[in-house]
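Every heavy atom of this structure was used, including side-chain atoms; hydrogens, water molecules and symmetry mates were not.
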Amino acid sequence: MRVCKWTATALLALGLALGPQLCAQDQSKSQTSPAPQATPAPPAAKPADVASPDAILAAVYEVISGPAGQARDWDRLRSLCLPGARLVPTGPKKEGSGYFARTMTPDEYVARATPFFEKEGFYEKEAARRMERYGNIVQVFSTYESRHDPKEAPFARGINSFQLFFDGTRWWVVTVFWQAETAENPIPKEFLPAAH
């Protein structure tokens, strides 16, 4: 899921890789959000969205993708997320050296992403995946490609790191932690699609 001007080095798309605007943050502000006092229960999820890791990842990518001006189904995103879930873009700081990580609730992500999606088409799709599971927890490295139009070449690529939880009935998104590819930090070949 990053939202900045789109250059290879200034991009931090969310796949969940939101894309270019999550970078438009004030670096003088705290890098993390305070813990919420009480997390409201999420809306009911569509059973098909939470039936498997494949299904929940597909649902996340579908929610954030669409043409400019199309309202996203944010209640669908909320329904996928465990109460207390976090979305965390990371990337190079806009000023100075080093990297930032910004922790957001799903609602904070919605507030940041909505103005961007009102002006820009944004389509994110998974290009490759590495997944590991132990018991009821899953870690997924989902390589994403971000486009303004599904027929265009990607303007950004990166990796969405999903942490998922199975409660015995359904899957939940616990965390989406993402970083966009840069010239200095290309995606390693083991995280790219296999050559055909």
For T143 and E126, does a side-chain donor sit closer than 3.5 Å to a side-chain acceptor?
-> no
Pair Q139-Q163, side-chain donor/acceptor within less than 3.5 Å = yes
Find the distance between CD1 (I56) and CG (L164) and round it off to the nearest 0.5 Å.
->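 Going from the CD1 atom of I56 to the CG atom of L164 covers 6.0 Å.
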Distance from K46 atom NZ to L80 atom CG, nearest 0.5 Å?
->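 One gets 9.5 Å once the value is rounded to the nearest 0.5 Å.
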Quick one: are [X] and [Y] in side-chain contact, heavy atoms under 4.5 Å?
X	Y	answer
N185	T182	yes
V173	L82	no
F191	I159	yes
P106	C81	yes
P89	M104	yes
P53	W171	yes
F162	L57	yes
P42	P83	yes

Could you see if [X] belongs to whatever hydrophobic cluster contains [Y]? Use Ile, Leu, Val, Met, Phe, Trp, Tyr and a side-chain cutoff under 4.5 Å.
X	Y	value
V140	Y61	yes
F116	Y109	yes
F177	V174	no
M131	W178	yes
V138	F166	yes

Under 3.5 Å, side chain of S79 to main-chain N/O of P43, donor-acceptor pair present?
->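 It does not hold such a pair.
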Test item: R133 side-chain N/O and G135 main-chain N/O as donor-acceptor pair under 3.5 Å | yes
How far apart are the C-alpha atoms of V110 and R78, what are their side-chain angles, what is the distance that settles it, and do they pass the side chain to side chain contact (heavy atoms under 4.5 Å, CB included) test?
-> CA-CA 10 Å; V110 167; R78 292 178 184 102; 4.0 Å; yes
Do you know which two heavy atoms are closest between [X] and [Y], and how far apart they sit?
X	Y	value
R147	E152	NE-O, 2.7 Å
A127	P193	O-CG, 3.4 Å
P150	Y123	CD-CE1, 3.4 Å
I187	E181	N-OE2, 2.9 Å
A180	Y144	CA-OH, 3.4 Å

Charged N-O contact under 4.0 Å between R157 and E145 |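 So R157 does not pair with E145 through a salt bridge.
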Would R170 and D49 pass as an ion pair if we require N to O under 4.0 Å?
->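 Looking at D49 together with R170, the answer is no, because their closest N to O distance does not fall below 4.0 Å.
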Row check, W74 ring normal vs R76 NZ/CZ: under 6.0 Å, within 45° | no
Is NZ or CZ of R72 both nearer than 6.0 Å to the six-membered ring centre of F117 and within 45° of the ring axis?
-> yes
So among E108, R112, R86, which one has a side-chain contact (heavy atoms from CB on, under 4.5 Å) with R102?
-> R112
Do F122 and H148 have ring centroids that are under 6.0 Å from one another?
-> no
